[in-house]
Student: 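Structure below; questions to follow.
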Amino acid sequence: MNQGILTTEQAVNLSKSEFWSKMDNYEIALFQLSFEQLCMPWEIFHEAVEKTLGREVYNDEFQNFNNLREELLGNKSTPTRAEILALIPSEDLFIFNQKEF
């Protein structure tokens, strides 16, 4: 499934309409994962994806909507910690051992 394309104006108008207020978390997540342009507040979208997938979803995972959409549809398994860490640019990656704290 290719992502839909909206103009900036269309995305802004959708956001202003608060269309998501009548949708459940699954519908919100699936709708927004179908478009590159954000059509709702980030917090609404992020929370809907986390609640639908039943796990914490890191910001770096949103680089590839297709992976999240496929996981949401049940076509892809939850990524491993190593797969998630691989999404983070090496210059931004900082890992600490919790046992040391």
Side-chain angles (χ1 to χ4, degrees):
M1 174 196 261
N2 291 329
Q3 286 182 300
I5 298 173
L6 297 171
T7 65
T8 300
E9 182 180 1
Q10 290 170 322
V12 168
N13 287 337
L14 270 173
S15 182
K16 287 180 182 177
S17 76
E18 297 186 10
F19 70 96
W20 65 85
S21 65
K22 298 178 181 99
M23 302 167 88
D24 63 29
N25 287 318
Y26 178 83
E27 293 169 328
I28 290 169
L30 186 58
F31 178 88
Q32 186 56 72
L33 287 170
S34 299
F35 293 95
E36 291 180 6
Q37 298 81 0
L38 192 60
C39 303
M40 62 188 69
W42 168 253
E43 297 80 17
I44 300 288
F45 171 45
H46 194 173
E47 180 180 2
V49 171
E50 287 187 334
K51 286 185 175 180
T52 302
L53 294 179
R55 68 177 182 86
E56 186 173 1
V57 179
Y58 301 95
N59 290 348
D60 292 295
E61 293 183 78
F62 287 93
Q63 293 178 54
N64 188 332
F65 275 17
N66 190 51
N67 285 343
L68 289 172
R69 187 175 50 250
E70 290 301 307
E71 182 181 349
L72 184 80
L73 295 171
N75 299 330
K76 185 173 172 42
S77 60
T78 302
T80 65
R81 179 176 219 160
E83 290 170 328
I84 293 170
L85 289 174
L87 298 171
I88 303 170
S90 59
E91 63 271 9
D92 296 336
L93 188 60
F94 175 78
I95 300 175
F96 66 92
N97 185 344
Q98 291 180 351
K99 293 179 184 178
E100 293 178 6
F101 290 92

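Sequence positions, counted from 1, serve as the residue numbers for this chain.
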Student: In terms of relative ring orientation, are F45 and W42 parallel, tilted or perpendicular, with 30° and 60° separating the classes?
Tutor: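 Geometry flag for W42 against F45: perpendicular rings.
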Student: Show, in sequence, the C-alpha distance, side-chain angles and deciding distance for Q37 and T8, and conclude whether the side-chain hydrogen bond (donor to acceptor under 3.5 Å, both in side chains) test is met.
Tutor: CA-CA 7 Å; Q37 298 81 0; T8 300; over 6 Å; no
Student: Show the numbers, then the answer: is there a side chain to side chain contact (heavy atoms under 4.5 Å, CB included) between L72 and Y26?
Tutor: CA-CA 8 Å; L72 184 80; Y26 178 83; 3.7 Å; yes
Student: Specify the closest pair of heavy atoms between M40 and I28, including all atoms of both residues, with the distance to one decimal.
Tutor: SD-CG2, 3.4 Å
Student: Please step through side chain to side chain contact (heavy atoms under 4.5 Å, CB included) for the pair L68 and E61, ending with a clear verdict.
Tutor: CA-CA 8 Å; L68 289 172; E61 293 183 78; 4.3 Å; yes
Student: Can you tell me how far apart NZ (K51) and CG (D24) are? Round to the nearest 0.5 Å.
Tutor: 11.5 Å
Student: Indicate if I44 and L30 have the same hydrophobic cluster label, given that clusters are the connected sets of ILVMFWY residues with side-chain heavy-atom separations under 4.5 angstrom.
Tutor: yes
Student: Evaluate the side chain to side chain contact (heavy atoms under 4.5 Å, CB included) criterion for residues L53 and T78: first the C-alpha distance (whole Å), next the side-chain angles of each, then the deciding distance (0.1 Å), finally the verdict.
Tutor: CA-CA 9 Å; L53 294 179; T78 302; over 6 Å; no
Student: With rounding to the nearest 0.5 angstrom, report the OG to CH2 distance, S15 to W20.
Tutor: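 Separation between the atoms: 4.5 Å.
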Student: Please give me the minimum heavy-atom distance between I84 and R55, naming the atom from each residue.
Tutor: CD1-NH1, 4.2 Å
Student: For residues Y58 and F62, report the shortest heavy-atom separation together with the two atoms involved.
Tutor: O-CD1, 3.6 Å
Student: What orientation do F31 and F35 show, parallel under 30°, tilted 30 to 60°, or perpendicular over 60°?
Tutor: tilted
Student: Are the side chain of E70 and the backbone of N67 linked by a donor-acceptor contact shorter than 3.5 Å?
Tutor: no
Student: Any side-chain heavy-atom pair from R69 and N75 closer than 4.5 angstrom?
Tutor: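 Result no, sub-4.5 Å side-chain heavy-atom pair not found.
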Student: Let's go through F19 and C39 carefully: what are the C-alpha distance in whole Å and the side-chain angles of both, what is the deciding distance for side chain to side chain contact (heavy atoms under 4.5 Å, CB included) to 0.1 Å, and is it a yes or a no?
Tutor: CA-CA 9 Å; F19 70 96; C39 303; 4.1 Å; yes
Student: Please give me the minimum heavy-atom distance between V57 and E50, naming the atom from each residue.
Tutor: N-OE2, 3.0 Å
Student: What heavy-atom pair brings P79 and E71 nearest, and what distance separates the two atoms?
Tutor: CD-OE1, 3.4 Å
Student: Working to the nearest 0.5 Å, report the span between CD of E9 and CG of L14.
Tutor: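 Output value for this atom pair is 11.0 Å.
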